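Working notes, structure below.
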2 protein chains.
Amino acid sequence: MGPAAQFSTKDRILGAAEELFALHGFAGTSLRQVTSKADVNIAAVNYHFGSKENLVNEVFRRRMDVMSALRLSQLERALSAHPGQLRPILAAFVEPALAMALDRNGGGAFVRVIARAYAEKNDSLRRFLSDHYGHVLRDFGRAMAACLPDLDKETLYWRLDFLAGALTYAMADFGVIKRPQGVSEAQHRAQAAAELIRFAEAGFHAGGGRPTASPDPSEA
Amino acid sequence: MGPAAQFSTKDRILGAAEELFALHGFAGTSLRQVTSKADVNIAAVNYHFGSKENLVNEVFRRRMDVMSALRLSQLERALSAHPGQLRPILAAFVEPALAMALDRNGGGAFVRVIARAYAEKNDSLRRFLSDHYGHVLRDFGRAMAACLPDLDKETLYWRLDFLAGALTYAMADFGVIKRPQGVSEAQHRAQAAAELIRFAEAGFHAGGGRPTASPDPSEA
DNA sequence: GTCTATAGGCTGATAGAC
DNA sequence: GTCTATCAGCCTATAGAC
């Protein structure tokens with residue numbers, strides 16, 4: 001397990017799967033592509049993971065555990081160092097995703113895998129995410145609510161969803177913004193994170209009253 | 001083509017494909033599933049669409065043309081009725097997506113198909129979307145820039161991406177917000193749209209200076 | 001743990017009768 | 001336009017040698 005240790009067959013499979021899942025989706029990636037890219041035998045994936053579905057879950061867990069831990073520890077530091085301030089809480093949510101996106105060791109693919117997972121209405125994967133990482137979102141919700149005592153809970157949770165959606169799409173590099181020449185990938189993502197924190201900070205501080213629901217446009 | 005006309009084979013294929021694409025993604029949906037759900041022969045899809053890839057494009061075009069037209073006409077009305085105001089422009093972007101989501105005739109699946117399209121790094125589909133509908137986003141960018149003369153263009157485009165991400169995510173019903181009992185699907189979505197407009201309005205109006213890029217968290 | 005070989009099934013697409 | 005029949009290729013998963 002030293003720093004110079006070879007990547008194990010299992011880790012090579014995970015890394016290859018992550019990259020391919022990001023590129024082609026879960027259904028769009030075959031185990032043959034994975035094992036070929038990882039330079040292992042086709043039978044190895046079933047030996048180590050049992051099934052393709054289980055491989056998907058393991059690809060997820062490996063990075064998501066890291067990102068969730070980063071978020072929670074940064075949240076804790078934000079709450080003790082800057083009590084009552086929203087921006088450090090937002091940063092604690094956004095910046096770990098940025099860190100994953102910038103991770104040299106293949107983490108960049110992971111943020112796109114997250115976006116995939118959201119799109120998958122896949123029951124088992126979504127339950128897996130909710131069961132294992134739902135508490136992180138709840139912790140952030142509580143911390144934000146303490147900063148915004150006048151905001152009703154429902155509006156707060158809507159805004160958390162908006163933040164998560166915007167973050168997912170920004171980090172996965174969907175959207176119209178193209179990275180200009182001369183700007184590194186890292187700078188570009190860091191810019192996205194900083195822009196998003198500022199955008200969301202203003203958004204969360206928007207007036208707390210319930211908005212009047214728009215008239216149903218399909219009736220017009 | 002009267003109102004009581006039967007759905008054609010072609011339309012039945014499009015409708016079935018749309019629902020299945022929303023549920024299982026493009027790669028995850030087989031043409032056999034499509035033709036089985038549409039109750040047409042397996043050969044019909046190749047007769048009417050030529051290939052699976054072309055079917056994907058046509059599923060998109062059918063609704064996207066409608067949504068883009070709704071957005072542009074509502075934008076035009078916003079600009080003439082409320083010149084210089086940002087909120088009606090935001091509404092013109094958000095509410096047509098809501099209208100699609102609420103459309104009785106299967107449009108609800110379409111907003112999830114959009115989310116799929118974002119997640120699929122699918123080159124040909126992305127080019128198709130950019131070529132055919134990129135001008136809509138550019139029109140909105142111009143209209144918003146006129147409302148926010150102090151905002152540099154790059155920040156504006158970041159925020160448009162955040163808006164698009166949050167909208168997609170909200171309309172596709174990802175996220176933590178669960179619809180309470182006694183609230184109809186339509187009310188729930190309308191609430192999402194109204195909340196998002198308010199959130200985004202505050203976000204777009206956030207101070208215009210370039211934010212300091214956060215230090216790279218992966219170095220910490 | 002890693003390999004070869006293969007089972008058994010599904011895929012997109014097409015040829016050709018009607 | 002719609003059907004049946006079929007192609008060639010790919011898929012996941014497993015059995016069994018080493």
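Just so it is clear, the structure is predicted and the values come from calculations on it, not from any experiment. First the proteins, then the strands, lettered A, B, ... as listed; each starts at 1.
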Where the side chain of B/Ala43 is defined as all heavy atoms beyond and including C-beta, which of D/dC3, C/dT2, C/dT11 is the nearest nucleotide? D/dC3
Quick check on A/Glu185: does its CD atom have over 12 non-hydrogen neighbours (other residues, nucleotides or ligands) under 6.0 Å away? yes
Rounding to a whole Å, what distance do you find between B/Asp39:CG and D/dT2:P? 12 Å
Please determine if a side-chain N or O atom of B/Asn41 lies less than 4.0 Å away from the OP1 or OP2 oxygen of D/dT4. yes
Expressed in angstrom and rounded to an integer, what is the separation of B/Asp11 atom CG from D/dG1 atom C1'? 15 Å
Tell me: OH of A/Tyr47 to C1' of D/dA17, nearest whole Å? 15 Å
Got more than 12 heavy atoms from elsewhere within 6.0 Å of NZ, B/Lys153? no
Could you tell me whether B/Arg71 sits above the aromatic face of B/Phe93, with NZ or CZ closer than 6.0 angstrom to the six-membered ring centre and within 45 degrees of the axis? yes
Does A/Ser30 have a side-chain nitrogen or oxygen under 4.0 Å from the phosphate oxygens OP1 or OP2 of D/dC11? yes
Test: A/Lys10 cationic atom under 6.0 Å from A/Phe49 six-membered ring centre, within 45° of axis: yes
Within the 4.0 Å heavy-atom criterion, would you say A/Ser8 contacts the bases, only the backbone, or no part of the nucleic acid? nothing
For the pair made of CZ in B/Arg32 and C1' in D/dG9, what is the distance, rounded to whole Å? 13 Å
With respect to A/Phe199, which candidate in B/Tyr157, B/Phe162, B/Trp158 satisfies the ring pair (Phe, Tyr, Trp, His ring centres under 6.0 Å) definition? B/Phe162
B/Ile13 CD1 - C/dA13 P separation (whole Å): 13 Å
OP1 or OP2 of C/dT2 versus the side-chain N and O atoms of A/Thr9: is any pair under 4.0 Å? yes
Can you measure B/Leu31 atom CG to D/dC7 atom P for me and round it to whole angstrom units? 20 Å
Just compare D/dT6, D/dA13, D/dT2 and give me whichever is closest to any side-chain atom of A/Ser51. D/dA13
Choose from C/dG1, D/dT4, C/dT4 the nucleotide whose nearest atom is closest to any side-chain atom of A/Ile42. C/dT4
Starting from C1' on D/dG1, measure out to CG on B/Asn46 and report it in whole angstrom. 14 Å
B/Leu20 CG - C/dT11 P separation (whole Å): 12 Å
